[in-house]
Amino acid sequence: FENRKDQQSDVFSLGLIFLEVITGKRDWLGQSVREIAANLKRVDLADFLCRDLESPFSPTLRRMLSRRPEERPAAADIETELSAAAAPGQ
């Protein structure tokens, strides 16, 4: 169980990095550690950060940033989902 929990935290962190790569923004959660921690507790990041994001990657990114770890994709599935989203005709 602990390994799965660690993987889901990694998926969440990767989602934040991926969002930064897509949007070019880094400070959407706040300027200080305290502000970021407070926002992480009170805001549903998937809705807050992805609401205006128009990208074929949005569904996967929303799942990666889910507040509920059990709703996040398995680490092994992320590459498959992102590759499918990037495929021509998507």
Side-chain angles (χ1 to χ4, degrees):
F1 181 74
E2 281 301 313
N3 191 30
R4 172 81 173 147
K5 187 185 277 188
D6 291 343
Q7 287 180 10
Q8 295 309 72
S9 294
D10 291 346
V11 166
F12 182 84
S13 298
L14 182 60
L16 290 175
I17 293 167
F18 189 45
L19 183 67
E20 183 179 335
V21 168
I22 290 174
T23 65
K25 295 180 184 177
R26 165 175 246 180
D27 60 354
W28 21 253
L29 287 176
Q31 297 294 320
S32 68
V33 172
R34 178 174 276 164
E35 187 178 6
I36 292 168
N39 284 335
L40 284 171
K41 288 182 180 177
R42 70 175 178 80
V43 174
D44 182 340
L45 290 180
D47 288 337
F48 177 72
L49 298 175
C50 300
R51 68 175 169 241
D52 297 325
L53 183 64
E54 297 202 16
S55 167
F57 306 114
S58 292
T60 301
L61 187 54
R62 281 180 167 277
R63 290 180 52 231
M64 291 172 75
L65 295 174
S66 175
R67 179 171 274 184
R68 299 174 55 125
E70 64 273 9
E71 292 178 359
R72 296 179 195 148
D77 296 335
I78 293 172
E79 180 182 3
T80 303
E81 290 184 27
L82 296 178
S83 293
Q90 294 295 321

Between OG of S55 and CG of L19, what distance do you get to the nearest 0.5 Å?
10.0 Å
What residues, two or more places apart in sequence or in another chain, satisfy side-chain hydrogen bond (donor to acceptor under 3.5 Å, both in side chains) together with E35?
none
Distance col, row Q8:CD vs E71:CD, nearest 0.5 angstrom, shows 10.5 Å
In chain order, what residues pass the side-chain hydrogen bond (donor to acceptor under 3.5 Å, both in side chains) check against R34, with sequence neighbours excluded?
none
Note: P73 and I78 closest approach over all heavy atoms is CG-CG1, 4.0 Å
Taken to the nearest 0.5 Å, the spacing of L65 CG from S13 OG works out to 9.5 Å
Per side-chain contact (heavy atoms from CB on, under 4.5 Å), T60 is matched among L82, T80, D77 by L82
Separation between CE of M64 and CZ of R72, rounded to the nearest 0.5 Å
10.0 Å
To check you understand the geometry: which heavy-atom pair defines the closest contact between P56 and A85, and what is its length?
O-CB, 3.3 Å
If the condition is ring-ring contact (aromatic ring centres under 6.0 Å, His included), which residues does F18 pass it with, not counting sequence neighbours?
F57
Applied to residues 63-86, the ring pair (Phe, Tyr, Trp, His ring centres under 6.0 Å) test, sequence neighbours excluded, yields none
